[in-house]
Visitor: 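One structure coming up, written as structure tokens, with questions to follow.
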Amino acid sequence: MEFVSYMQTALDEARAAAGRGEVPVGAVIVSPAGEIVARAGNRTRELNDPTAHAEVLAIRSACEKLGQERLTGHDLYVTLEPCPMCAAAISFARIRRLYYGAGDPKSGGVAHGARVFAHPQCHHAPEIYDGIGSAEAEALLKEFFAERRD
């Protein structure tokens, strides 16, 4: 089976989030058959909800659409390394594979910081693939924050 990346769709969601004034992070959930089940961008400011990260919104949407609490066999593409909260949600949802773009040394929860999947208390750890579309994801984030610092 040939690998198909859905990171461009996640990047589209990140750009849409930036257009709404949100931190540009996008996420896409893909079924075992290769169909996009859910897609989302950050909406923390819009919804006044600190948990409205792209990953959490995509997981909620996919679970609701499928009528189930777990996404066994599904893959998640996200433009930024998930924070500890999102990493825990990914574990609880039983995501099969996590593909992410930019690393997040400050707030990451996968390769940096809490390293949620490495803890013995973690009931499920997905396969992890990092650096997918990282240059474009990093550029979106740098541009977003540079505009706010000027």
Visitor: For the atom pair CG (L98) and CD1 (I132), what is the distance rounded to the nearest 0.5 Å?
Guide: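 If we round to the nearest 0.5 Å, L98:CG and I132:CD1 are 10.0 Å apart.
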Visitor: If you measure from NZ on K142 to CZ on R149, what distance do you get to the nearest 0.5 Å?
Guide: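 The NZ atom of K142 sits 10.5 Å away from the CZ atom of R149.
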Visitor: What pairs meet the salt bridge (Lys or Arg N to Asp or Glu O under 4.0 Å) rule with one or both residues in residues 20-39, with sequence neighbours excluded?
Guide: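 Counting only pairs at least two positions apart or across chains, the salt bridge (Lys or Arg N to Asp or Glu O under 4.0 Å) contacts touching residues 20-39 are E13-R39, R20-E46.
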Visitor: Apply side-chain contact (heavy atoms from CB on, under 4.5 Å) to residues L140 and T79 and explain how you reach the verdict.
Guide: CA-CA 10 Å; L140 278 171; T79 58; 5.8 Å; no
Visitor: For the OG atom of S134 and the CG atom of L80, what is their distance to the nearest 0.5 Å?
Guide: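 Taking OG in S134 and CG in L80, the distance rounds to 11.0 Å.
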Visitor: Sequence neighbours excluded, which residues qualify as side-chain hydrogen bond (donor to acceptor under 3.5 Å, both in side chains) partners of R94?
Guide: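 Partners of R94 by the side-chain hydrogen bond (donor to acceptor under 3.5 Å, both in side chains) criterion come out as none, since no residue qualifies.
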Visitor: With sequence neighbours excluded, what pairs up with Y6 under the ring pair (Phe, Tyr, Trp, His ring centres under 6.0 Å) test?
Guide: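 With sequence neighbours excluded, Y6 shows a ring pair (Phe, Tyr, Trp, His ring centres under 6.0 Å) to Y77, given in chain and number order.
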Visitor: Would you give the length of the straight line joining atom OG1 of T44 to atom CG of L57, rounded to the nearest 0.5 angstrom?
Guide: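 CG of L57 is found 9.0 Å from OG1 of T44.
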Visitor: Taking A17's backbone N and O only, do any of them form a donor-acceptor pair with N42's side chain (distance below 3.5 Å, no angle check)?
Guide: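 No, the answer is negative, given that no donor and acceptor are paired below the 3.5 Å cut-off.
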Visitor: What residues, two or more places apart in sequence or in another chain, satisfy ring pair (Phe, Tyr, Trp, His ring centres under 6.0 Å) together with F92?
Guide: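 F92 satisfies ring pair (Phe, Tyr, Trp, His ring centres under 6.0 Å) with no residue once adjacent residues are dropped.
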Visitor: D12: what forms a salt bridge (Lys or Arg N to Asp or Glu O under 4.0 Å) with it, not counting sequence neighbours?
Guide: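 R15.
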Visitor: Going by atom type alone, with no hydrogens or angles, which donor-acceptor pairs under 3.5 Å involve a side-chain atom of residues 64-74 and a protein atom two or more places apart or on another chain?
Guide:
unit_1	atom_1	unit_2	atom_2	d
Q68	NE2	R70	O	2.9
H74	ND1	L71	O	3.2
H74	ND1	T72	O	3.2

Visitor: Which residues pass the side-chain hydrogen bond (donor to acceptor under 3.5 Å, both in side chains) test with T51, not counting sequence neighbours?
Guide: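 Per chain and number, T51 pairs via side-chain hydrogen bond (donor to acceptor under 3.5 Å, both in side chains) with D49, R60.
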Visitor: Restricting to side-chain contact (heavy atoms from CB on, under 4.5 Å), what partner residues turn up for A111, sequence neighbours left out?
Guide: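 E81, Y100.
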Visitor: Which residue pairs pass the ring-ring contact (aromatic ring centres under 6.0 Å, His included) test when at least one of the two sits in residues 108-143, sequence neighbours left out?
Guide: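 Sorted pair list: Y99-Y129.
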Visitor: Apply side-chain hydrogen bond (donor to acceptor under 3.5 Å, both in side chains) to D104 and list each qualifying residue two or more places apart in sequence or on a separate chain.
Guide: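 Partners of D104 under the side-chain hydrogen bond (donor to acceptor under 3.5 Å, both in side chains) test: none.
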Visitor: OG of S5 to CG of L11: how many Å apart, nearest 0.5 Å?
Guide: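 Spacing of OG (S5) from CG (L11) equals 8.5 Å.
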Visitor: What residue pairs, at least two apart or across chains, pass ring-ring contact (aromatic ring centres under 6.0 Å, His included) with a residue in residues 31-60?
Guide: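 Checked against ring-ring contact (aromatic ring centres under 6.0 Å, His included) - neighbours excluded - no pair reaches residues 31-60.
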Visitor: Enumerate the residue pairs fulfilling salt bridge (Lys or Arg N to Asp or Glu O under 4.0 Å) with a member in residues 114-130, sequence neighbours excluded, ordered by first and then second residue.
Guide: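 Every salt bridge (Lys or Arg N to Asp or Glu O under 4.0 Å) pair that includes a residue of residues 114-130, provided the two are not neighbours, is R97-E127.
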